[in-house]
2 protein chains.
Amino acid sequence: MSSRGRPRNFSREEALASAMRLFWDKGYDNTSLTDLTQAMGLKPPSLYAAFGSKAQLFIEAVDLYGRTDGAGIWDELETAPTAKAAVHDLLRRTAENFTRGGEPRGCMVVLSAPQMAGGDPEVCDALKVHRLEKQVALERRFERGVADGDLPEGTPCAAIAAYVASLQHGMSIEARDGATRETLMAIADCAAAGWDAMVAASIKPN
Amino acid sequence: MSSRGRPRNFSREEALASAMRLFWDKGYDNTSLTDLTQAMGLKPPSLYAAFGSKAQLFIEAVDLYGRTDGAGIWDELETAPTAKAAVHDLLRRTAENFTRGGEPRGCMVVLSAPQMAGGDPEVCDALKVHRLEKQVALERRFERGVADGDLPEGTPCAAIAAYVASLQHGMSIEARDGATRETLMAIADCAAAGWDAMVAASIKPN
DNA sequence: TCCTTTCTGTATCGATCAATACATAAATCG
DNA sequence: CGATTTATGTATTGATCGATACAGAAAGGA
């Protein structure tokens with residue numbers, strides 16, 4: 001391996017964590033290299049040597065987010081006893097996570113880069129992949145619910161996953177607009193309260 | 001008035017409409033003055049004389065959006081016979097509106113400027129005001145539903161408005177991620193299917 | 001007609017952006 | 001030791017950003 005050469009003067013992990021926090025708070029476009037180098041405590045050449053480019057640094061930061069601050073939201077998706085319990089827990093964890101003091105509000109994967117024409121496609125696609133992975137995880141969980149018998153046969157799992165994902169994504173917007181934890185919790189409870197009827201009605205759409 | 005001086009060489013309305021389309025498609029940050037002047041068919045000094053600044057032009061463009069492309073979504077909010085019908089209609093119009101061919105997908109008010117630290121506060125606040133106005137309109141509509149008797153006494157109108165707003169905002173994310181009209185319609189139908197049970201359960205939150 | 005007013009086109013401003021050239025410092029290898 | 005490799009700090013690059021200075025053109029008012 002390469003233990004040769006002058007050793008690094010900073011912790012790559014800590015620097016990446018600082019970048020994550022900054023991207024999460026300010027978004028990809030609004031975070032400049034000046035911001036990054038100051039927060040990470042290093043100079044531009046060190047940043048480029050360690051991370052390649054601003055875009056690659058961002059993608060690494062999003063991965064870190066998914067493994068740390070953003071992970072707890074999804075902790076019980078698989079272990080919850082039923083699909084309904086999994087969704088209710090997911091949304092309540094979302095409400096709690098999105099309103100922690102001292103942290104940026106809402107989800108980095110939803111908010112930190114606008115999915116707009118003209119944006120860096122590398123960056124947008126990375127976030128889109130993260131979002132769709134979670135939506136697929138929801139769909140799979142609902143399919144398991146059908147297999148487990150806590151969802152009726154014929155449940156449109158993809159549609160319900162899109163519904164839950166849409167609601168959870170919207171909660172990031174609400175959080176950034178200043179919604180309180182109580183408001184977000186109420187949203188979670190609304191979804192849970194309508195769950196059984198929604199599932200029952202969705203089997204025959206019309 | 002001021003009919004003096006050299007007359008304008010372009011239609012202010014048409015130029016504003018072009019700017020709106022561009023901001024809607026690319027977002028505020030990703031739309032440069034070069035993009036704008038090209039699409040609007042004028043030179044920078046004319047743009048600044050007519051609209052003041054990029055930020056003010058954007059705010060005017062958002063207002064235009066709310067009066068044109070974004071308006072139809074909310075057309076039946078007040079005229080629908082019940083709160084439930086109003087929400088179902090709203091979400092189905094949303095699904096239709098967000099997947100029109102030849103137009104950018106999703107809502108300009110939700111997508112076109114990230115609500116992030118470091119963004120132009122003038123721009124962010126203008127969009128936030130638009131979002132909250134619609135959420136308040138939902139809350140008022142639900143209060144009317146209580147008065148009309150199609151929602152039970154004690155319905156938490158603010159919480160349910162936050163739920164519907166959150167879902168509708170999330171549909172913009174889904175739309176930009178490529179969701180089909182059928183998927184968005186399914187989301188709308190999910191919400192409608194669970195509505196009665198959600199309302200009934202929400203009266204006593206626990 | 002001449003003056004004032006307003007708009008237009010050219011050309012460019014200073015600021016900021018992401019990214020690097022370059023020389024030096026600090027480590028391993030032979 | 002000397003050679004190689006890698007990281008660091010200073011200084012700067014070309015590009016692009018939003019916004020304007022300036023002079024000329026086109027209108028109304030006197």
Side-chain angles (χ1 to χ4, degrees), chain A residues 1-16 18-19 22-23 26-62 112-114 116-124 126, chain B residues 1-16 18-19 22-23 26-62 112-114 116-124 126:
Chain A
M1 284 297 293
S2 63
S3 69
R4 297 253 306 235
R6 179 173 176 173
R8 198 169 267 139
N9 210 0
F10 59 93
S11 158
R12 195 180 189 279
E13 295 175 12
E14 290 176 13
L16 181 58
S18 298
L22 209 54
F23 279 132
K26 308 186 67 171
Y28 180 74
D29 287 325
N30 285 332
T31 303
S32 70
L33 280 183
T34 304
D35 297 329
L36 288 167
T37 52
Q38 282 181 2
M40 300 166 78
L42 42 76
K43 308 290 179 181
S46 299
L47 190 155
Y48 280 87
F51 298 103
S53 70
K54 184 188 173 187
Q56 290 174 25
L57 169 61
F58 175 80
I59 292 173
E60 276 203 56
V62 172
S112 65
M116 304 248 110
D120 186 327
E122 202 182 357
V123 164
C124 290
Chain B
M1 284 299 293
S2 63
S3 68
R4 298 253 304 239
R6 178 172 177 175
R8 197 170 269 138
N9 210 1
F10 59 94
S11 160
R12 195 180 190 281
E13 294 175 12
E14 291 176 11
L16 180 58
S18 298
L22 209 54
F23 280 132
K26 307 187 65 171
Y28 180 75
D29 288 324
N30 284 334
T31 304
S32 70
L33 280 182
T34 304
D35 296 329
L36 288 167
T37 52
Q38 282 182 0
M40 299 165 79
L42 41 77
K43 306 291 178 179
S46 299
L47 189 156
Y48 280 87
F51 299 102
S53 69
K54 184 189 173 186
Q56 290 174 26
L57 170 61
F58 176 79
I59 291 173
E60 277 203 55
V62 172
S112 65
M116 299 271 166
D120 187 326
E122 203 182 357
V123 165
C124 288

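Order of the sequence lines sets the chain letters (A, B, ...), proteins ahead of strands, with each chain counted from 1. All of these numbers come straight from a predicted model, not from anything done at the bench.
For the atom pair A/Leu22 CG and A/Gln38 CD, the distance stands at 9.5 Å (nearest 0.5 Å).
Formation of a donor-acceptor pair under 3.5 Å by the A/Lys54 side chain with backbone atoms of A/Ser32 is not found in this model.
Nucleotides of DNA chain C nearest to A/Ala55 and B/Ala49 differ in position, and the one nearer the 5' end is that of B/Ala49. Comparing B/Arg8 and A/Lys54 along DNA chain C, the residue whose closest nucleotide (by nearest heavy atom) sits nearer the 5' end is B/Arg8. Residue order along DNA chain D, read from the 5' end via each residue's closest nucleotide, puts B/Asn30 first among B/Asn30 and B/Gly52.
Remark: A/Ser46 is not in phosphate contact with D/dA7, judged by side-chain N or O atoms under 4.0 Å from OP1 or OP2. Between A/Ser32 and C/dT16 there is no side-chain polar atom (N or O) within less than 4.0 angstrom of OP1 or OP2. Remark: A/Lys43 is not in phosphate contact with D/dT8, judged by side-chain N or O atoms under 4.0 Å from OP1 or OP2.
Within 4.0 Å of A/Thr37, counting heavy atoms only, lies no atom of the nucleic acid at all.
Aromatic ring pairs are classed by plane angle as parallel below 30°, tilted from 30° to 60° and perpendicular above 60°; the pair B/Phe23 and B/Phe58 is perpendicular.
Shown here are the salt bridge (Lys or Arg N to Asp or Glu O under 4.0 Å) partners of A/Lys26, two or more places apart in sequence or in another chain: A/Asp35. Evaluation of the salt bridge (Lys or Arg N to Asp or Glu O under 4.0 Å) rule for B/Arg6 yields no partner, not counting sequence neighbours.
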Please tabulate, one pair per line, each protein N/O and nucleotide N/O from nucleotides 22-28 of chain C that are separated by under 3.5 Å, including the distance.
from, atom 1, to, atom 2, distance (Å)
C/dA25, N3, A/Arg6, NH1, 3.3

